[in-house]
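Comments concern the structure below.
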Amino acid sequence: MLALLIVYIATKKKKVLGLIGMIASGTMVAYGIVVLFMHVCYITIAALGIDVLIFLAFLILFLTKYFKDKKKAPKEEINKTIEEVSKEQEKEADKNHENDNDEKQGTISLKESMDLAKTTASSHKFNKAYICNYLKGREDIELSTRDNYTKTGLPLADTHYVIKDGKRICFAYVYETEGSIILLAKMDSDYANKLKQKHENINLSAFPKQKNTWYSLIIDDTYTKEEFEQILDDITK
């Protein structure tokens, strides 16, 4: 009967026969793989012993857990590092604030400098054009000129740069007002104090906010031509 069924399927239902054959083949292959795996396990147990296999199993579990924890560790360390750096920066900022309290006394803002310059009498012998004409012959100087004010009335500065070791370094901002001009220049306190012996309206400037010390000089008629040009030479060194 089984033979007749097979013959019938073979003649009438070829597709069904092909499907049954594929299933049968797949089953035999899977069975062979399982038997082979069991033989390998048996041989391994016989060769190493059950104690060794238990040890290897625990070792695999330990290494798996170790590497999972290691992947999480960098994120935790980064977060910790950020917190530590933030705390250190806060401490450093507090320390610098305490150390700079004495220096910041007498510091004036750009607006205060502008107000002071507008009320300081001057014959306008020194202005933006004068400074540019004096510095334009130097190959190590780059000049950037602007109008005195924007259309909305905001002050605009000429910004001048000195080229040192291939670097472009700003050494002066020049504002021109209805009164005197303002020269914002980088200089040390000793040089500034020396100028203060002869001239008024020399103050630490809150602008620009940089690590270097900037001073606001209101250039009025108390400055001679030679003296002012010497200052321009000194601040470019």
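Both backbone and side-chain heavy atoms feed into the values below; hydrogens, waters and symmetry mates do not.
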Original post:
Between Lys237 and Asp233, does a salt bridge (charged side-chain N to carboxylate O under 4.0 Å, His left out) hold up when you go through it step by step?
Top reply: CA-CA 7 Å; Lys237 292 180 180 178; Asp233 289 337; over 6 Å; no

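Residues Thr222 and Glu227 approach most closely at O-OE1, 4.1 Å, considering heavy atoms. Closest heavy-atom contact between Ile231 and Tyr191: CA-OH, 3.5 Å. A pairwise comparison of heavy atoms in His124 and Ser122 identifies N-OG, 3.0 Å as the closest pair. Tyr223 and Ile202 make their closest contact through OH-CD1, 3.6 Å (heavy atoms, listed as atom of the first residue, atom of the second, distance). Between Ser216 and Ser113, the shortest heavy-atom distance links the atoms OG-OG, 2.9 Å.
In this structure, NZ on Lys196 lies 11.0 Å from CG on Asn201, to the nearest 0.5 angstrom. Going from atom CG of Leu135 over to atom NE2 of His160 covers 6.5 Å, rounded to the nearest 0.5 Å. With rounding to the nearest 0.5 angstrom, the CZ atom of Phe126 is 9.0 Å from the CG atom of Leu232. To the nearest 0.5 angstrom, Lys194 atom NZ is 13.5 Å from Ser189 atom OG. Asp220 CG to Lys125 NZ: the interatomic distance, rounded to the nearest 0.5 Å, is 9.0 Å. Separating the CD1 atom in Ile163 from the OG1 atom in Thr236 is a distance of 12.0 Å, to the nearest 0.5 Å.
Between the side chains of Gln197 and Asn193, no donor-acceptor pair is found at a separation under 3.5 Å. If you check the side chains of Tyr161 and Asp140, you find no donor sitting under 3.5 Å from an acceptor.
The backbone N or O of Lys167 sits nowhere less than 3.5 Å from a side-chain atom of Asp165 that would complete a donor-acceptor pair. Side chain of Arg146 to backbone of Ala157: a donor-acceptor contact under 3.5 angstrom is found. Although no hydrogens or angles enter the test, the distance criterion places a donor-acceptor pair under 3.5 Å between the side chain of Asp221 and the main chain of Ser123. Glu229 places no side-chain N or O within 3.5 Å of a backbone atom of Glu226 that could act as its donor or acceptor partner.
Partners of Glu200 under the side chain to side chain contact (heavy atoms under 4.5 Å, CB included) rule, at least two apart in sequence or in another chain, do not exist in this structure. With sequence neighbours left out, Ile60 forms a side chain to side chain contact (heavy atoms under 4.5 Å, CB included) with Thr64.
Annotation: side chain of Leu195 is in contact with side chain of Leu217 (closest heavy-atom distance under 4.5 Å). Residues Glu112 and Leu116 have side chains not in contact (no heavy-atom distance under 4.5 Å, counting atoms from C-beta outward). The shortest distance between side-chain heavy atoms of Thr213 and Leu204 falls below 4.5 Å. Thr107 has its side chain out of reach of Ser205: every pair of non-hydrogen atoms, C-beta onward, lies at least 4.5 Å apart. With a 4.5 Å cut-off on side-chain heavy atoms, Leu156 and Thr150 count as touching.
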Donor-acceptor pairs are to be reported for all side-chain atoms of residues 170-186 against protein atoms at under 3.5 Å, with residues two or more places apart or in another chain.
| unit_1 | atom_1 | unit_2 | atom_2 | d |
| --- | --- | --- | --- | --- |
| Glu176 | OE1 | Lys128 | N | 3.1 |
| Thr177 | OG1 | Gly179 | N | 3.1 |
| Thr177 | OG1 | Ser180 | N | 3.4 |
| Thr177 | OG1 | Ser180 | O | 2.6 |
| Glu178 | OE1 | Tyr149 | OH | 3.4 |
| Ser180 | OG | Thr120 | O | 3.1 |
| Lys186 | NZ | Cys170 | O | 3.2 |

